[in-house]
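Reviewing the structure listed below.
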Amino acid sequence: MPAPLPYPLQVRAFQLLRDTNPQPETELLYHDAFTLLVAVALSAQATDAGVNRATPALFDAAPDPAAMVQLGVEGVTEHIKTIGLFRQKARNVVALSQRLLDDFGGQVPSSRAALMSLPGVGRKTANVVLNCIWAIPAQAVDTHIFRVGNRTRLAPGRDEVEVERAIEDNVPAEFQGNAHHWLILHGRYICQARRPRCPICPIRDICPYEPKTTDP
């Protein structure tokens, strides 16, 4: 693997990302820890926009774990059938809601291990909840962050766990809290997979990726 960018360039890159978006946030719609947990679980292999079209009505019908269990798999399915893998996701949402009631007093736990014990909740989902709800500098690495981390060498790694560790090891502490938000949004809107938008990239002079594109 190539070495990560040296510390001074890490600082400058994240200063520039922060300048373009001082307060980055997840694009998923949610009201509290439970609705965020459900939204992130639903977003696996789906777009945030697609999830956001389905969840307002779902959360109106079932705003808490007890109501989600009462709604049941068939009821959840009706709300999320426009989302990929909706049948399995409906089963997971009801099962995780039941587990919250049985094991956590109906509250979303605030440890990664406890979150990952819930049906359908992996490391990425747990890290999003920890970061957005409890402001823990957990790094939720998806395909966008994996691509950006390697292209820019801000956080190179051979898999998502290595990229997560590279962010934790190399990104300066003052940027850790929002690092995954900046990187995912950068990958979603600028450092895109097929044709990165290098001319409008705020870190184009730091990024070692070649060949850079020349048109917006």
Side-chain angles (χ1 to χ4, degrees), residues 1-28 30 32-37 39-41 43-44 48 107-118 121-193 196-198 200-209 212:
M1 292 299 301
L5 290 182
Y7 181 82
L9 294 182
Q10 293 271 353
V11 171
R12 184 57 183 151
F14 280 97
Q15 286 174 335
L16 291 167
L17 292 173
R18 182 178 60 190
D19 289 345
T20 64
N21 189 355
Q23 298 294 328
E25 297 178 344
T26 177
E27 294 186 319
L28 289 169
Y30 69 97
D32 54 19
F34 174 68
T35 53
L36 177 62
L37 175 64
V40 181
S43 71
D48 287 3
Q107 302 299 308
V108 175
S110 60
S111 82
R112 183 182 290 112
L115 285 165
M116 291 178 64
S117 74
L118 300 171
V121 177
R123 189 177 184 89
K124 185 187 81 168
T125 297
N127 282 349
V128 172
V129 175
L130 292 172
N131 183 279
C132 294
I133 299 299
W134 287 284
I136 295 171
Q139 309 303 330
V141 178
D142 68 352
T143 56
H144 293 301
I145 294 178
F146 181 80
R147 178 177 66 255
V148 172
N150 279 288
R151 265 188 187 165
T152 63
R153 287 177 38 207
L154 287 169
R158 287 165 290 195
D159 55 36
E160 292 181 354
V161 174
E162 284 194 3
V163 170
E164 179 182 338
R165 177 59 61 85
I167 295 172
E168 293 171 348
D169 288 349
N170 295 289
V171 174
E174 67 181 294
F175 305 110
Q176 287 275 340
N178 287 319
H180 98 268
H181 290 298
W182 283 316
L183 293 174
I184 193 172
L185 294 171
H186 191 66
R188 187 173 289 167
Y189 297 112
I190 295 179
C191 195
Q192 296 169 335
R197 305 174 69 194
C198 299
I200 65 169
C201 174
I203 62 171
R204 61 186 174 274
D205 294 333
I206 296 171
C207 173
Y209 174 74
K212 288 183 170 63

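FYI, the numbering just counts along the sequence from 1.
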Worksheet item: Which atom pair, heavy atoms only, marks the closest approach of W134 to A33?
Response: CH2-CB, 4.4 Å
Fill in: Test item: R18 and N178 side chains (from C-beta on) under 4.5 Å apart, heavy atoms
no
Worksheet item: side-chain hydrogen bond (donor to acceptor under 3.5 Å, both in side chains) with H181: which of N21, T26, N131?
Response: N131
Do any side-chain atoms of residues 162-172 form donor-acceptor pairs under 3.5 angstrom with protein atoms, and if so which ones, sequence neighbours left out?
from : atom 1 : to   : atom 2 : distance (Å)
E162 : OE1    : R158 : N      : 2.8
E162 : OE1    : R158 : NE     : 3.2
E162 : OE2    : R158 : NE     : 3.2
E162 : OE2    : R158 : NH2    : 2.9
E164 : OE1    : R123 : NE     : 2.9
E164 : OE2    : R123 : NE     : 3.1
E164 : OE2    : R123 : NH2    : 3.0
E164 : OE2    : N127 : ND2    : 3.3
N170 : ND2    : A166 : O      : 2.9

Worksheet entry | Any side-chain heavy-atom pair of N150 and M1 under 4.5 Å | yes
Worksheet item: Do the side chains of Q10 and L154 get nearer than 4.5 Å, heavy atoms only?
Response: yes
Practice prompt. Taking all heavy atoms of R112 and all of L130, pick out the closest pair and write down the distance.
Written response: CB-CD1, 3.9 Å
Worksheet item: Less than 4.5 Å apart, any side-chain heavy atom of V129 and any of Y30?
Response: no
Worksheet item: Does the side chain of I190 reach to within under 4.5 Å of the side chain of P202, using non-hydrogen atoms?
Response: yes
Worksheet item: Are the side chain of K212 and the backbone N or O of C207 linked by a donor-acceptor pair below 3.5 Å?
Response: yes
Response to the item:
T152 and G149 have their tightest heavy-atom pair at OG1-O, 3.9 Å
Practice prompt. Mind listing the closest non-hydrogen atom pair of I145 and I184 along with its distance?
Written response: CG1-N, 3.7 Å
Discussion item. Could you report the tightest heavy-atom contact between C191 and V148, atom names first, then the distance?
Written reply: CB-CG2, 3.9 Å
Discussion item. When you compare the side chain of L183 with that of Q139, does any pair of heavy atoms fall below 4.5 Å?
Written reply: no
Worksheet, complete the sentence: Note: K124 and A140 closest approach over all heavy atoms is O-CB, 3.6 Å
Worksheet item: Should the pair F14 and F175 be assigned to parallel (<30°), tilted (30 to 60°) or perpendicular (>60°) ring geometry?
Response: parallel
Fill in: Close side-chain approach of H186 to R151, heavy-atom, < 4.5 Å
no
Practice prompt. Kindly compute the distance separating SG (C132) from CG (L37), expressed to the nearest 0.5 Å.
Written response: 11.5 Å
Discussion item. Measuring only between side-chain heavy atoms, which start at C-beta, is T125 closer than 4.5 Å to L115?
Written reply: no
